[in-house]
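Hydrogens, waters and symmetry mates are skipped; everything else that's a heavy atom, side chains included, is used. Every chain is numbered from 1, with letters handed out A, B, ... down the list of sequences.
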Protein chains: 2
Amino acid sequence: MARKPAEQSVNRLDILLAAANVFRRKGYHGAKMSDIAAEVDLTAGSLYHHFPDGKQQILIEVLNEGLDQITAEVQAVVDDNTLMPDEKLRKVIYTNILGLTQNTSVAAALVFETRTILENPEARKAYLKRRDSFEQLYTQVIQEGIDAGIFRQVDVPIFTKTILGAHNWVGVWYREGGRLTGEQIADEMSNTFLAALSPIGVPTAKN
Amino acid sequence: MARKPAEQSVNRLDILLAAANVFRRKGYHGAKMSDIAAEVDLTAGSLYHHFPDGKQQILIEVLNEGLDQITAEVQAVVDDNTLMPDEKLRKVIYTNILGLTQNTSVAAALVFETRTILENPEARKAYLKRRDSFEQLYTQVIQEGIDAGIFRQVDVPIFTKTILGAHNWVGVWYREGGRLTGEQIADEMSNTFLAALSPIGVPTAKN
DNA sequence: GGTATAATTAAATCACGATTTGATTATTTT
DNA sequence: AAAATAATCAAATCGTGATTTAATTATACC
């Protein structure tokens with residue numbers, strides 16, 4: 001039954017990537033089906049052969065695939081029990097940022113287009129669940145470090161959102177061929193957050 | 001000539017605020033002129049009396065006003081020469097975050113809708129200039145601290161974007177009436193970045 | 001080679017939403 | 001209370017863009 005797909009025809013993944021590119025340039029609502037189609041040398045109507053449920057479904061799959069992939073990469077680090085909390089967090093941040101710089105279109109979609117998917121009641125719940133799981137990876141690692149006395153006592157949810165906000169933004173401003181490589185940026189940012197968690201030298205709030 | 005505006009009629013600022021609210025809920029492209037109008041008890045057509053140039057002009061003014069206001073608040077702190085670099089940065093961060101939590105609709109627009117304005121060639125240049133000036137406020141304060149030997153030697157542009165990314169994200173997730181007040185969040189986050197700049201306890205990169 | 005299925009297209013359809021237009025009502029000025 | 005101007009509305013207009021449809025071409029399977 002399941003016949004081998006033809007070699008030259010486009011597949012779902014091609015289309016998702018193309019869509020992510022167009023979304024980055026114009027945003028979801030600004031992206032015409034014909035724009036996405038053109039990106040893979042098709043006509044607008046042809047997309048409905050691959051995605052019968054249309055434009056919104058394409059967005060949903062871009063975000064789900066994108067989030068799942070980055071989650072898997074980070075999860076692998078979290079599951080590595082040979083790492084101390086500080087090394088682990090450093091590697092988590094590094095992995096996360098490198099992932100974003102390697103696929104900026106999807107990274108940007110995860111920042112800018114999530115809101116759109118959240119308006120869809122069915123997709124909403126599933127997506128929020130995924131996103132919470134992802135966020136959990138960070139809270140978990142940070143909490144472990146605090147419990148182990150390696151990190152100072154921060155407000156874990158806020159610190160997590162601080163990291164994630166900084167990360168998200170990388171997907172927006174990073175451009176290949178810029179002053180720094182993805183690796184250098186990932187290094188610098190993991191240094192920053194590790195320093196922020198260092199238990200010594202905590203400044204006292206003056207406000 | 002300039003007659004006093006009628007007491008009950010809506011003014012431009014009402015409309016800009018209303019638009020920001022709708023933009024937050026639906027995004028610029030998802031926001032109908034009738035949605036914005038309804039928010040101030042008008043019909044879609046009436047908006048053209050106040051904004052002859054239409055929807056995009058409304059967005060442009062929302063972003064310009066919003067950015068100008070937050071810039072002014074931060075600038076005032078930067079100009080205070082009685083502050084040491086670390087106190088100054090703390091206060092800058094605090095002020096910035098508090099500003100965002102106090103007007104989340106505009107804050108969200110500054111994150112999500114900037115891309116739209118950048119597609120408009122005329123508005124683009126002016127807006128980028130404003131945004132650069134704003135970013136400069138941070139790079140300047142951070143650099144001063146490094147030069148004074150109070151901060152460790154970070155990559156200033158990256159550190160700035162790290163801070164700004166974290167800030168931007170506050171405007172997205174913060175909700176009034178949540179676990180923490182805007183002040184508490186501002187405190188926590190300024191602690192984080194001040195700690196990150198602390199010259200002692202710098203962890204060595206292991207990647 | 002013939003048949004079933006997949007991939008694609010060109011040309012409708014169809015709704016929606018920004019903007020325009022031509023009144024109508026309110027307010028201010030004198 | 002006119003006259004002028006501002007604010008508003010209801011009802012067109014008008015283009016655009018997602019989706020549908022019916023046909024055409026390509027590929028896989030036997």
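When rounded to the nearest whole Å, the span between CE of Met33(A) and P of dT16(D) equals 19 Å. When the P atom of dC16(C) is taken as reference, atom CG of Asp35(B) falls 13 Å away, rounded to whole Å.
Rounded to 10 degrees, the angle separating the terminal helix axes of the helix from dG1(C)-dC30(D) to dT30(C)-dA1(D), each built from five base pairs, is 30°.
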Hey, mind stepping through Gln184(B) and Glu188(B) against side-chain hydrogen bond (donor to acceptor under 3.5 Å, both in side chains) and telling me if it holds?
CA-CA 6 Å; Gln184(B) 290 173 315; Glu188(B) 184 73 19; over 6 Å; no
*Worked verdict on Lys91(A) versus Thr95(A) for side-chain contact (heavy atoms from CB on, under 4.5 Å)*: CA-CA 6 Å; Lys91(A) 203 162 173 183; Thr95(A) 302; 4.2 Å; yes
After noting the C-alpha distance and the side-chain angles of Gln136(B) and Ser133(B), does the key distance pass the side-chain hydrogen bond (donor to acceptor under 3.5 Å, both in side chains) rule? CA-CA 5 Å; Gln136(B) 266 300 111; Ser133(B) 306; over 6 Å; no
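Contact check for Arg130(B) versus Thr71(B): no side-chain heavy atoms found under the 4.5 Å cut-off.
A salt bridge links Glu39(B) to Arg25(B): at least one charged side-chain nitrogen sits closer than 4.0 Å to a carboxylate oxygen. A salt bridge between Glu113(A) and Arg115(B) is present, with a side-chain N of the basic residue lying under 4.0 Å from a carboxylate O of the acidic one. Ion pairing of Asp155(B) with Arg179(A) is present here, as a side-chain N (NZ or NE/NH1/NH2) and a carboxylate O approach within less than 4.0 Å.
If you check residues 21-31 of chain A against DNA chain C, you find no residue with a heavy atom closer than 4.0 Å. For DNA chain D, the residues of residues 38-59 of chain B within the heavy-atom distance limit of 4.0 Å (strictly under) are Asp41(B), Leu42(B), Thr43(B), Ser46(B), His49(B), His50(B), sorted by number.
Residues passing the side chain to side chain contact (heavy atoms under 4.5 Å, CB included) test with Glu144(A) are Lys88(A), Gln140(A), sequence neighbours excluded. Taking the side chain to side chain contact (heavy atoms under 4.5 Å, CB included) definition, one finds that Leu100(B) meets it with Asn96(B), Ala107(B), His167(B), sequence neighbours left out.
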Run the side-chain donor-acceptor check on residues 26-38 of chain A: report pairs under 3.5 Å with partners two or more places apart or on a different chain.
unit_1   : atom_1 : unit_2   : atom_2 : d
Tyr28(A) : OH     : Gln56(A) : N      : 3.2
Asp35(A) : OD2    : Lys32(A) : N      : 3.0

